[in-house]
Amino acid sequence: MNNRSPILASVQQGETTLRQWLSVFAVAIGAFAFVTSEFLPIGLLTEISRDLHVTPGTAGLMVSMPGVMGAVFMPGLMIFAGRMDRRQVFLLLTAMLLVSNFLSAFSTNFATMLIGRAMLGVALGGFWTLATAAAGRLVHTSDAPRATAIILSGVTFATVICVPMATFIAGLTSWRIAFFATGALVALALIAQALLVPSLPSAAGLRVADFVTLLRRRYMHLSMLMLALVFGAHFSTYTFITPLLQQDFSMSAITPLLLAFGIIGFFSNVLTSVVVAKRLKTSVAATTALLLCALSIMIVLKHSHVGEITAMLMWGVAFGSIPLCFSVWFQRSTADLPEAGSAIYVIVIQVAIAFGSSVGGAVVDHAGVHADLALGCVLTVFGLVTLQRLAAMERKTKFATPECGSSPSQQFPLRLIEQRMP
């Protein structure tokens with residue numbers, strides 16, 4: 001008797017139907033809801049810090065806390081999920097996100113706010129591990145990069161309206177209403193997933209051995225370092241973008257500027273999805289270098305409206321592409337263990353967000369926002385250096401004889417997987 005989901009059976013037959021694409025969009029709505037919830041405090045930092053009686057740097061812990069909790073609890077959560085149907089896990093994690101948003105909205109002190117943000121972090125890590133790994137299961141293999149781009153477009157689209165929406169709602173009402181509105185968005189995502197995402201049975205649960213296998217590979221160490229440096233550079237600075245812009249712009253001017261940041265990032269994501277499969281290393285290098293240019297302009301042309309607007313738009317182009325580029329990088333280099341690879345990808349990002357925003361907050365409180373931008377520049381430079389090391393490793397592997405007792409895929413899986421790509 002065939003117990004496979006009809007959608008999964010169709011995928012295996014090489015067809016990607018409208019219903020399958022709708023399931024991808026349902027996951028993308030969930031991604032949009034998670035990212036909106038995660039970064040909502042960035043646009044509300046000043047108001048929340050004032051109402052809950054903490055400094056802006058301390059308020060940045062609202063961004064750090066989800067990263068810490070996601071990194072700490074996500075591996076255990078996924079191992080505990082075992083062979084549970086991934087659709088059910090999606091629904092449980094999204095329901096936890098819903099509770100998190102309402103708890104944050106009702107917070108009367110900063111400790112309660114951090115509890116709500118901690119719940120978000122626990123749900124966040126598991127969701128992203130499943131979302132990036134599920135892209136290839138919801139559609140035909142040849143459509144997997146496009147499905148990944150659609151899911152990650154939820155991330156980019158969230159940056160389009162998340163922060164500016166938060167500042168706009170807070171300006172009209174209060175920051176609490178912004179959290180309530182996000183809760184309504186999460187409820188919509190939960191309904192979409194319940195109706196559209198098919199059964200996603202797992203033949204084997206995620207095991208500790210899967211992590212060990214990947215972490216024994218030499219290339220993985222540098223890939224993780226590169227990912228941490230680039231994401232750390234972004235979140236150590238972008239977390240405090242509102243206090244930075246408030247030095248030179250009114251709140252009424254900041255909202256459309258942040259909206260422009262998100263819009264240009266959205267189109268950057270779309271355009272990058274066309275070329276990233278064939279030009280992966282070039283895409284990673286170009287977007288990281290563009291981030292470095294944007295942060296540098298912010299420093300060199302500080303208090304210049306034209307300079308800061310130009311830098312914000314460049315920054316939007318860069319970060320619109322960065323999540324997609326690095327997601328594809330990790331998908332290709334961990335194709336034999338996709339859920340473990342996705343888990344490592346999410347853990348590194350969450351650690352980078354946590355440490356980046358925490359260190360950035362300390363720098364902002366003690367040395368100012370422009371010193372924080374300098375920190376971001378340094379991290380980005382080291383990210384580019386690490387990419388160069390990975391490229392050198394690949395070139396060396398092309399002519400090297402595999403070591404005794406190890407397969408070529410253990411030496412540098414990314415190159416070999418790229419060779420198998422159509």
Side-chain angles (χ1 to χ4, degrees), residues 34-71 97 100-122 124 158-159 162-183 231-251 254-255 257-258 261 298 350-373 375-376:
F34 268 92
V35 173
T36 299
S37 300
E38 184 176 12
F39 301 136
L40 189 67
I42 293 176
L44 306 171
L45 209 63
T46 303
E47 291 77 7
I48 294 176
S49 64
R50 182 182 62 246
D51 288 356
L52 300 184
H53 310 294
V54 295
T55 66
T58 301
L61 290 173
M62 291 184 292
V63 180
S64 305
M65 180 60 76
V68 172
M69 298 303 291
L97 175 64
S100 164
N101 274 280
F102 285 116
L103 182 60
S104 297
F106 284 113
S107 297
T108 56
N109 55 69
F110 196 62
T112 305
M113 171 65 77
L114 289 183
I115 293 174
R117 302 299 291 171
M119 291 182 62
L120 162 64
V122 173
L124 183 72
T159 65
C162 170
V163 178
M165 176 190 72
T167 57
F168 178 74
I169 293 176
L172 291 179
T173 54
S174 73
W175 60 266
R176 297 182 188 277
I177 300 301
F179 276 100
F180 280 123
T182 306
F231 273 80
H234 172 76
F235 286 103
S236 66
T237 50
Y238 188 70
T239 300
F240 306 97
I241 193 63
T242 301
L244 171 65
L245 295 177
Q246 282 179 325
Q247 294 182 352
D248 303 301
F249 296 90
S250 66
M251 285 303 296
I254 290 174
T255 298
L257 182 56
L258 292 174
F261 175 96
M298 279 283 192
Q350 295 307 314
V351 170
I353 293 173
F355 279 92
S357 55
S358 296
V359 174
V363 172
V364 167
D365 280 348
H366 293 91
V369 290
H370 289 95
D372 187 36
L373 291 171
L375 169 65

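Keep in mind that what you see is a predicted model, and the values were worked out from it rather than measured.
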Gap between atom CG of Asp372 and atom OG1 of Thr239 - 0.5 Å precision
8.5 Å

From Leu120 atom CG to Ser37 atom OG, the distance as rounded to the nearest 0.5 Å
6.0 Å

Euclidean distance, Met62 CE relative to Leu52 CG, rounded to 0.5 Å:
7.5 Å

Where Arg176 and Phe106 come nearest, the two heavy atoms and their spacing
NH1-C, 3.6 Å

Is there a side-chain contact between Ile353 and Glu38 (heavy atoms, below 4.5 Å)?
yes

Exercise: identify the closest heavy-atom pair between Ser104 and Trp175:
O-CZ3, 3.7 Å

Min side-chain heavy-atom separation Leu373-Leu244 under 4.5 Å:
yes

Kindly indicate whether the side chain of Phe261, heavy atoms from C-beta on, has any atom under 4.5 Å from the side chain of Ile241.
no

Listed partners of Phe249 passing ring pair (Phe, Tyr, Trp, His ring centres under 6.0 Å), at least two apart
His305

Tell me whether the rings of His234 and Tyr238 are parallel (<30°), tilted (30 to 60°) or perpendicular (>60°).
parallel

So Phe240 and Val363, do their side chains get closer than 4.5 Å, heavy atoms only?
no

Would a 4.5 Å heavy-atom cut-off, applied to side chains only, mark Met69 and Leu114 as touching?
no

Give a yes or no on whether the backbone of Pro66 and the side-chain of Arg117 come within a donor-acceptor separation of less than 3.5 Å.
no

I'd like to check Leu245 versus Leu258 (side-chain heavy atoms, cut-off strictly below 4.5 Å). Are they in contact?
yes

For Ile177, side chain to side chain contact (heavy atoms under 4.5 Å, CB included) partners two or more places apart:
Ile169, Thr173, Ser174, Phe180

Non-neighbouring partners of Ser250 that pass side chain to side chain donor-acceptor pair (under 3.5 Å), sequence neighbours left out
Ser252

pair Leu45-Thr242: side-chain heavy atoms closer than 4.5 Å
no

Measuring from atom CD1 of Ile115 to atom CE of Met119, what distance do you get when rounded to the nearest 0.5 angstrom?
10.0 Å

Find the distance between CG (Leu97) and CZ (Phe102) and round it off to the nearest 0.5 Å.
10.0 Å

Without swapping roles, check the side chain of Ser236 against the backbone of Ser357 for a donor-acceptor pair under 3.5 Å.
no

Is there a side-chain contact between Leu375 and Thr237 (heavy atoms, below 4.5 Å)?
no

Closest contact, heavy atoms only, Ala178 versus Leu44:
CB-CD1, 4.0 Å

Looking only at side chains, do Ser64 and Ser358 share a donor and an acceptor under 3.5 Å apart?
yes

